[in-house]
Amino acid sequence: MTMEMKDSGSVVLTAYHPHSPARIPGMEQSFVQDIPASHSPSSRKSLSRCRRINRMLSNESAPPAFSRSNSQASVDSTSMEDFWCEVESIKESREDGSEEAMLLEFKPADEGELEAEWLQDVGLSTLISGAEEEDGQALLSTLTRTQAAAVQKRYNTYTQTLRKKNKHTVRDVRDIFGTSDSSPTFETVPVSPVSSNGIQLPGQKPVWKSVSSKSCLDCGIDKGSPSITEELSYEVSFSESITVLPKTQEWPKNQRFKKEDSALPKFIVRKSRFGLTEVGDLSPEDMKKIRYLSLIELTAFYDALGVELKRNRVERVRGRENGLFGVPLTVLLENDQKKVPGIKVPLIFQKLLLKLEETGLETEGILRVPGSASRVKNLHQELEAKFYEDTFDWDQVRNNDAAGLLKMFIRELPSPLFTVEYLPAFITLVEKISKIKLQLQALHLLIMLMPEANRDTAKAFLQFLKKVVANEGKNKMNLWNVSMIVAPNLFIYKGKRANQQEMQAAATTAHIVRLLIRYQDILWTVPSFLISQVRKMNEAAMNNSKRQLMFDKGVRKLLRRKTMERERPERPEGAVTFPPYLQSDIPEGVIRVYAPLHSKVSMAIQLNSQTKAKDILARFHCENSHGSSQNVRGQIQSLHEIGGNIGQHCLDPDAFMLDVYRANPQAEWVIKPKAS
């Protein structure tokens, strides 16, 4: 997918609309005969278009728009029929006024602007302003070798551009990184000797402790899966793990995506002794730091692969401030949280998913077979008027109409659900790097970059799509079918005509959706190397704050010192004053766990090398099995690590507590319900 504009200066967000024709499985008649009579007038217009597109797709004499190198994934012409009929039907629905077209304007970037925006996006605006901000210093102190090189490269480009423009004096990169020449000599976070993205080399020690097969994330295929299972490591940064640059090559024109599920490998992420951490397990403050670090790591990852990290500069579209459709997710959630505090996914989106999960998962052709355009339009208007009054009759909604409303909600969002800034970067990677593992690692970092509202809503949507695929035997919708239908809902599609470049990018976006659905459990897990960096960042910030606090109080202490010394008795030589947390009477290896919702609110627990978080939970459950209220006993309780070098961390039940305690000895340990 290229971003040059030929037909217009706009980019259109396209999606699946419920008028698109669909072929009935098992029928050998012509495509025209498969169309419901009620949709034939508009659908016949789409047929010649779809056939034209498919002829172009199958025309091997057509020159390739760009080199393709994806040996893992491919498409034949017939497999893309539904995709392009979807695109055509959306245009038709906008022409007849049933849906508003939304244009995203891409801003051109002046020289140096992208680098300046990048530095701001990773939390290093201090490098632009010249201010000595503690957060920026703390972040810089945690970077790995490849991450620091990525920051230095962008800052060099930014400063060189400013010097050319003679805008103002800028700080020299050597002042920031403490280098005497262009070669970085600053101290970086040590990295374990692991190469090939977590694959252990001879003579090396594994970076994780071996655990049983049940103590891992298993993301692969249920049937027809390849015999080889690959392991992913979260212990070492992805960019540091690349020791051999993958080869990029131009693939033959007839090299196409394999749509079979078995084309995707099976991955396992083994739990370290710290367990696994999901996105919702960390505090918003720490997730903000995760986003900073993820963008730096993504940039370093692309640099290590020799791939350009392209970025769209999108003019923000201001949506409606009330209603259901066409309203920004953040505004929807703000309104919904007045009714349901703490809600993370918009109520209307949840209700549409619930309707389909209760009655539509086994419906043949769900998501693909269209509902009635007029019914969907009327239901849309009725929902806007009655949803918040709780007077809307959901029993009247047919499954295919509910699917149409769901997709309409997604494509009418003012900003796409999967933000488009770095979509060109991932499409470029998929086109140039054939290894699924590397594609998955890049996509993983992109998920970490998403705004919280988008990420939570996308997770709910992908969980639903996974259930659709799981019912393939009845609904006839396999992974590739679902990915092909959903792709145009999620991603922008430019221009007015479908040319060869756009067709190839369309297949790539369907492949991206396939990865999102198949590996969602992996993608919503926070890599442990990022959590380690957040801990170091918080420690550095705490140390900076303590130094600043001591400096601020220095003058006042100096003025009072002599008086205080006269009143204070002399201290014995060699006496040491311990900080309060070391003056505690709790010995090493013992933690005090608090459970404010239980009858027994605290307990001191001696840790050993085998104590897990679930063992502590079980002990509290046993001690409080009779005294706690019925509500508490019915809730799923989790052990949380709070304070110290982390904001708040809901621990994996399989986390080994002595390891967590040693990583954060100043933390408090609290048992409470996990945030939903």
Side-chain angles (χ1 to χ4, degrees), residues 123 134-135 138-139 142 234 271-294 333 337 340-345 447-453 455-456 459 524-546 580-581 584 586 591-598 601-603 605 607 611-617 620 632 635-676:
E134 295 175 4
D135 288 347
L139 177 58
T142 69
Y234 285 169
K271 292 184 178 182
S272 71
R273 290 185 65 86
F274 291 90
L276 296 176
T277 300
E278 297 177 2
V279 167
D281 293 342
L282 293 175
S283 66
E285 294 78 13
D286 285 338
M287 279 307 304
K288 183 178 180 180
K289 299 180 179 77
I290 290 288
R291 284 194 287 274
Y292 290 158
L293 291 163
S294 294
L333 286 172
Q337 286 168 357
V340 185
I343 194 171
K344 294 186 175 182
V345 178
I447 295 298
M448 295 296 108
L449 283 174
M450 290 176 67
E452 183 179 3
R455 190 172 50 229
D456 291 338
K459 182 179 182 181
W524 262 259
T525 302
V526 184
S528 54
F529 71 85
L530 291 178
I531 298 175
S532 296
Q533 287 187 266
V534 168
R535 290 186 186 277
K536 293 182 174 69
M537 188 174 174
N538 288 337
E539 288 172 354
M542 285 191 297
N543 291 335
N544 289 338
S545 297
K546 289 177 182 177
Y581 69 89
S584 170
I586 300 179
I591 62 173
R592 180 163 292 280
V593 181
Y594 297 90
L597 299 180
H598 288 76
V601 296
S602 71
M603 187 185 303
I605 296 179
L607 303 177
T611 306
K612 294 184 177 182
K614 64 183 179 183
D615 299 328
I616 296 176
L617 292 169
F620 262 86
V632 172
Q635 291 176 332
I636 299 176
Q637 304 281 309
S638 298
L639 181 59
H640 291 72
E641 168 195 7
I642 301 176
N645 58 29
I646 205 78
Q648 180 167 298
H649 182 196
C650 180
L651 295 174
D652 187 322
D654 290 320
F656 287 90
M657 290 304 302
L658 191 58
D659 296 76
V660 181
Y661 164 75
R662 287 171 176 167
N664 191 8
Q666 299 183 48
E668 292 184 352
W669 314 94
V670 179
I671 294 176
K672 61 180 183 175
K674 181 177 179 178
S676 57

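Note that the coordinates shown come from a computational prediction; the quantities given were computed from them, not determined experimentally.
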**Report entry** Residues His649, Arg535; criterion side-chain contact (heavy atoms from CB on, under 4.5 Å); working and verdict
**Finding:** CA-CA 11 Å; His649 182 196; Arg535 290 186 186 277; 3.7 Å; yes
Requested in this report: Only counting residues at least two apart or in another chain, list the ones meeting salt bridge (Lys or Arg N to Asp or Glu O under 4.0 Å) with Lys672.
Outcome: none
Query raised in the report: Are any of the side-chain nitrogens in Lys674 or Asp281 under 4.0 Å away from the carboxylate oxygens of its partner?
Result: yes
Report summary line: Checking Leu639, Val601, Val670 against Val593 for side-chain contact (heavy atoms from CB on, under 4.5 Å), the one that qualifies is Leu639
**Report entry** Residue pair Ala138 / Ala541: nearest heavy atoms and the distance that separates them
**Finding:** CB-N, 3.9 Å
Query raised in the report: Are Gln666 and Asn645 close enough, and set up right, to give a side-chain contact (heavy atoms from CB on, under 4.5 Å), and what steps lead you there?
Result: CA-CA 8 Å; Gln666 299 183 48; Asn645 58 29; over 6 Å; no
Query raised in the report: Heavy-atom distance under 4.5 Å between the side chains of Phe274 and Asp652, does that happen here?
Result: no
Report task. Measure the shortest side-chain to side-chain distance between Gln648 and Cys650 over non-hydrogen atoms and say whether it is less than 4.5 angstrom. Result -> no
Report task. Determine the minimum heavy-atom distance between Ala667 and Glu641, stating which atoms define it. Result -> CB-CG, 3.8 Å
Query raised in the report: In Å and rounded to the nearest 0.5 Å, what is the CG to CZ distance from Asp659 to Arg273?
Result: 4.0 Å
Report task. State which residues pass side chain to side chain contact (heavy atoms under 4.5 Å, CB included) with Ala453; sequence neighbours excluded, sorted by chain then number. Result -> Leu329, Thr330, Leu333
Query raised in the report: Between the side chain of Asp615 and the main-chain N/O of Lys612, is any donor-acceptor distance below 3.5 Å?
Result: yes
Query raised in the report: Which residues pass the side chain to side chain contact (heavy atoms under 4.5 Å, CB included) test with Pro653, sequence neighbours left out?
Result: Lys614
Report summary line: In this structure, OG1 of Thr142 is separated from CE of Met537 (nearest 0.5 Å) by 6.5 Å
**Report entry** Any side-chain heavy-atom pair of Leu282 and Val534 under 4.5 Å
**Finding:** no
Report summary line: Rounding to 0.5 Å, atoms CD1 (Ile531) and NZ (Lys289) come to a distance of 13.5 Å
Query raised in the report: Is any side-chain heavy atom of Val660 less than 4.5 Å from a side-chain heavy atom of Trp669?
Result: yes
Query raised in the report: What distance do Ile290 atom CD1 and Leu449 atom CG have between them, rounded to the nearest 0.5 Å?
Result: 11.0 Å
Query raised in the report: Does Asp286 have any side-chain hydrogen bond (donor to acceptor under 3.5 Å, both in side chains) partners at least two apart in sequence or in another chain, and if so, which?
Result: Ser283, Asn538
Query raised in the report: Can you name the nearest heavy-atom pair linking Tyr234 to Val526, along with the distance?
Result: CD1-O, 4.4 Å
Requested in this report: Starting from the C-alpha separation in whole Å, work towards a yes-or-no answer on side-chain contact (heavy atoms from CB on, under 4.5 Å) for Phe620 and Ile605.
Outcome: CA-CA 10 Å; Phe620 262 86; Ile605 296 179; 4.2 Å; yes
Report summary line: The reported gap from OG in Ser294 to CE in Met287 (rounded to nearest 0.5 angstrom) is 7.0 Å
Query raised in the report: About how many Å separate CZ of Arg291 and CG of Leu530, when rounded to the nearest 0.5 Å?
Result: 12.5 Å
Report summary line: Those residues at least two apart in sequence (or on a different chain) that pass side-chain hydrogen bond (donor to acceptor under 3.5 Å, both in side chains) with Arg455 are none
Query raised in the report: Listed by chain and number, what are the side chain to side chain contact (heavy atoms under 4.5 Å, CB included) partners of Leu658, not counting sequence neighbours?
Result: Leu607, Tyr661, Arg662
**Report entry** Closest non-hydrogen atom pair between Leu651 and Ala613, with its separation
**Finding:** CB-CB, 4.5 Å
